[in-house]
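Inspection log for the structure reproduced underneath, given as structure tokens.
A note on names: the letters A, B, ... follow the listed sequences, proteins ahead of strands, and every chain is numbered from 1.
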Number of protein chains: 2
Amino acid sequence: MSGVEEREPAIGGGLSHRVPDLGALELLLAVARLGSLGAAARELGITQPAASSRIRSMERQLGVALVDRSPRGSRLTDAGALVTDWARRIVEAAEAFDAGAQALRVRRDSRLRVVASMTIAEYLLPGWLLALRAGRPDTAVSLHAGNSATVVERLLSDEADLGFVEGLTVPSGLDSVVIAHDHLIVVTAPGHVWARRRRPLEAAELAATPLILREKGSGTRQVLDAALGGLARPLIELSSTTAVKAAAVSGAGPAVLSELAVGEELALRRLVRVPVAGVSLARDLRAVWPTGHRPVGPARDLLSLTRS
Amino acid sequence: MSGVEEREPAIGGGLSHRVPDLGALELLLAVARLGSLGAAARELGITQPAASSRIRSMERQLGVALVDRSPRGSRLTDAGALVTDWARRIVEAAEAFDAGAQALRVRRDSRLRVVASMTIAEYLLPGWLLALRAGRPDTAVSLHAGNSATVVERLLSDEADLGFVEGLTVPSGLDSVVIAHDHLIVVTAPGHVWARRRRPLEAAELAATPLILREKGSGTRQVLDAALGGLARPLIELSSTTAVKAAAVSGAGPAVLSELAVGEELALRRLVRVPVAGVSLARDLRAVWPTGHRPVGPARDLLSLTRS
DNA sequence: CACCGCTCATAAAGACAGCTTATGCCCCCA
DNA sequence: TGGGGGCATAAGCTGTCTTTATGAGCGGTG
């Protein structure tokens with residue numbers, strides 16, 4: 001039986017002792033881009049010896065030469081190019097973290113106060129905020145995440161300027177515009193029989209099969225239950241998207257998840273999408289605001305970003 | 001209490017000053033999973049005060065309360081749950097980095113020597129190595145990345161036990177098995193006219209449109225040129241997958257890229273896939289080995305992982 | 001041919017962050 | 001009412017990263 005609970009190897013410990021810190025990774029990216037240790041150092045606001053020493057200690061830590069130094073500059077070695085690409089993914093994740101975290105900081109003077117549902121806050125907002133920051137660097141954004149009820153409440157009590165919800169209905173008292181469509185999709189580990197299936201699943205078949213699901217009451221579960229007429233049969237119920245993903249990847253069974261959550265797993269074939277027919281698993285993602293108060297200023301900027 | 005002055009580091013740069021380091025993020029994940037600072041500290045092999053201090057300084061850095069302490073344990077706040085999910089993505093990227101970097105370290109005594117093409121080494125191997133490490137923790141792997149010629153050479157000269165190539169043909173002297181199919185896909189930013197297109201592009205149309213492409217000679221470009229009869233028209237030629245992606249996201253035009261490289265961008269709608277008909281942009285990903293030397297031992301383990 | 005500008009490396013000294021040990025407070029339960 | 005789990009605080013130590021100062025290789029240029 002595959003373990004469904006989330007557990008960690010835990011031994012061998014200390015990822016942070018085997019992976020260079022973010023500063024070093026940023027430095028490596030800068031070196032790759034600029035072709036010079038000194039130029040990279042200047043860009044990051046440190047001295048050239050500091051950069052030199054840091055790259056060197058990173059090479060020692062990894063046991064691989066990353067950079068070919070020459071009196072005319074520095075280029076990545078083959079291994080260095082590979083490492084740099086892996087480093088870039090860490091840095092990108094860190095940028096998303098930073099964008100989200102900065103918005104999360106409570107500042108009542110923020111010019112743009114956003115309230116969003118969990119899924120949107122988790123997967124989409126960091127990217128939007130990065131884009132917003134690129135276009136309007138001085139826009140101060142605050143973010144509050146909650147369920148649909150929270151979103152409505154904060155908008156109507158003027159604690160937020162713009163909201164984002166996923167769901168089947170538009171809360172009353174709010175105007176809205178659909179900014180994207182999220183699809184719940186059925187996924188399995190590549191080994192599952194359904195993974196090779198070409199003929200789409202029918203609703204009845206889906207309803208008859210025990211699935212790995214979020215707990216009753218979650219947005220995801222509500223959409224699925226509505227689509228199947230309340231008949232979804234849980235193989236196991238888990239309380240986070242992450243746990244559901246982990247269970248599905250480990251082969252525990254088919255899972256139903258937002259497409260947003262499994263982009264990478266699908267691309268890497270850790271999960272396979274199972275075609276479904278005759279069941280409407282789409283849900284609209286909507287931007288919402290108090291009726292009559294059309295978004296202006298930064299709220300309008302963000303809104304237009306989300307629809308680009 | 002010692003006063004903490006808010007020190008605003010130079011604008012734009014210095015991600016590492018605004019994002020907690022990997023050790024802190026790992027600690028946060030452990031706290032989330034175990035529900036206690038002390039338990040998390042024990043798991044990571046540090047003392048409870050160290051964990052307490054570290055979480056606290058992370059909260060100060062982010063300006064957000066992450067953990068609700070109580071005499072009976074600690075639970076994440078709402079904001080903490082969000083931050084933890086963003087942190088998890090950083091840690092996962094770091095795990096992939098670590099798996100790849102460890103294999104990259106040259107060890108002649110490695111029990112399994114792998115040589116792979118760039119795309120496979122970059123996007124797929126780290127995940128496989130993580131899985132291999134989970135199943136066979138003591139397997140020492142070394143990795144060399146190069147082009148197809150390098151793969152053949154190292155296999156035939158017994159410098160590698162198992163190779164991975166992407167491409168149209170099987171190099172002679174090697175046996176192979178197809179482990180996956182990669183598709184080159186046409187993508188554009190969501191604003192592009194093609195983004196709304198439902199009728200598939202025809203070959204002629206694709207060949208007539210200037211595209212953002214990898215340089216001539218790259219594996220990706222070879223497949224495209226072959227599919228179009230050598231007619232691909234570059235809008236601009238870039239030397240890395242990352243640069244092509246960035247150009248496409250910024251709206252410079254349509255790009256042709258491996259599906260592997262754009263999983264996340266598609267899920268987040270930063271890029272949109274444009275349907276294509278009548279052009280074969282698929283390419284096989286193959287595991288290869290010297291004719292007759294069927295993979296055994298760890299090579300066989302890795303091979304079976306890749307096909308799971 | 002010697003100089004200048006660029007590159008990177010090395011050495012020594014200071015600043016800071018994080019760890020540990022030691023201790024205290026709070027709450028729950030037996 | 002004591003024991004145990006949980007967290008916070010204080011003080012001292014250690015290691016890492018930093019800066020300043022300097023040296024050395026390479027290439028173009030007057």
Mind checking what makes ring-ring contact (aromatic ring centres under 6.0 Å, His included) contact with A/F164, not counting sequence neighbours?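 Per chain and number, A/F164 pairs via ring-ring contact (aromatic ring centres under 6.0 Å, His included) with A/W128.
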
Integer-rounded Å distance: [N] [atom2] and [X] [atom1]:
X     : N      : atom1 : atom2 : result
A/R69 : C/dC6  : CZ    : C1'   : 17 Å
B/R56 : D/dA8  : CZ    : C1'   : 7 Å
A/D68 : C/dA9  : CG    : P     : 11 Å
B/M58 : D/dA8  : CE    : P     : 13 Å
A/L27 : C/dC8  : CG    : C1'   : 13 Å
B/H17 : C/dA15 : NE2   : C1'   : 13 Å
A/R60 : C/dT10 : CZ    : P     : 11 Å

Answer yes or no: does a side-chain N or O of B/S70 lie under 4.0 Å from OP1 or OP2 of C/dC27?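 Looking at the OP1 and OP2 atoms of C/dC27, neither is under 4.0 Å from any side-chain N or O of B/S70.
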
Think A/S52 has a side-chain N or O under 4.0 angstrom from the OP1 or OP2 of C/dC8?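 Checking A/S52 against C/dC8: no side-chain N or O falls below 4.0 Å of OP1 or OP2.
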
Acceptor/donor pairs from residues 146-154 of chain A side chains to any protein atom, 3.5 angstrom cut, sequence neighbours excluded:
residue	atom	partner	partner atom	Å
A/N147	OD1	A/A149	N	3.2
A/N147	OD1	A/T150	N	2.9
A/N147	OD1	A/T150	OG1	2.8

Please evaluate residues A/V31 and A/L29 with respect to the criterion side chain to side chain contact (heavy atoms under 4.5 Å, CB included), reporting the C-alpha separation (whole Å), side-chain torsions for both, the decisive distance (0.1 Å), and the verdict. CA-CA 5 Å; A/V31 171; A/L29 295 188; over 6 Å; no

Any side-chain heavy atom of B/L37 within less than 4.5 Å of one from B/S74?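 Yes, at least one pair of side-chain atoms sits under 4.5 Å.
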
In the structure I gave you, are the side-chain heavy atoms of B/Q222 and B/K216 within less than 4.5 Å of one another anywhere?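 Answer no - side chains too far apart.
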
Output one line per pair: protein atom, nucleotide atom from nucleotides 16-20 of chain D, and distance, for all N/O pairs under 3.5 Å.
residue	atom	partner	partner atom	Å
D/dT18	OP1	A/R54	NH1	3.1
D/dT19	OP2	A/T47	N	3.1
D/dT19	OP2	A/T47	OG1	2.9

Mind running a 4.0 Å heavy-atom check of residues 71-88 of chain A against DNA chain D and sending the residues that fall below it, in number order?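 Contacting residues: A/P71, A/R72.
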
Salt bridge (Lys or Arg N to Asp or Glu O under 4.0 Å), that's the test. Do A/E265 and A/K245 meet it? Break it down for me. CA-CA 9 Å; A/E265 281 78 6; A/K245 247 197 305 193; 3.7 Å; yes

Least distance between heavy atoms, B/A116 atom then B/L125 atom: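 So the minimum-distance heavy-atom pair works out to CB-CD1, 3.6 Å.
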
For the residue pair B/V115 and B/A160, what are the closest heavy atoms and their distance?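 Closest approach of B/V115 to B/A160: CG1-CB, 3.6 Å.
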
Do the side chains of A/D68 and A/R75 get close enough for a salt bridge, i.e. N-O under 4.0 angstrom?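 A salt bridge is absent here (no side-chain N lies under 4.0 Å from a carboxylate O).
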
Is the closest basic N to carboxylate O distance between A/D21 and A/R54 below 4.0 Å?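 Looking at A/R54 together with A/D21, the answer is yes, because their closest N to O distance falls below 4.0 Å.
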
If an axis is fit to five pairs at each end of the helix from C/dC1-D/dG30 to C/dA30-D/dT1, what is the angle between the two, to the nearest 10°?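 Here the helix ends are tilted 10° relative to one another.
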
Only pairs under 3.5 Å count here: list side-chain donor-acceptor contacts from residues 58-67 of chain A, not counting sequence neighbours, and write none if there are none.
residue	atom	partner	partner atom	Å
A/E59	OE1	A/R69	NH1	3.0
A/E59	OE1	A/R69	NH2	2.9
A/E59	OE2	A/L66	N	2.7
A/E59	OE2	A/V67	N	3.1
A/E59	OE2	A/R69	NH1	3.1
A/Q61	NE2	A/H17	O	3.0

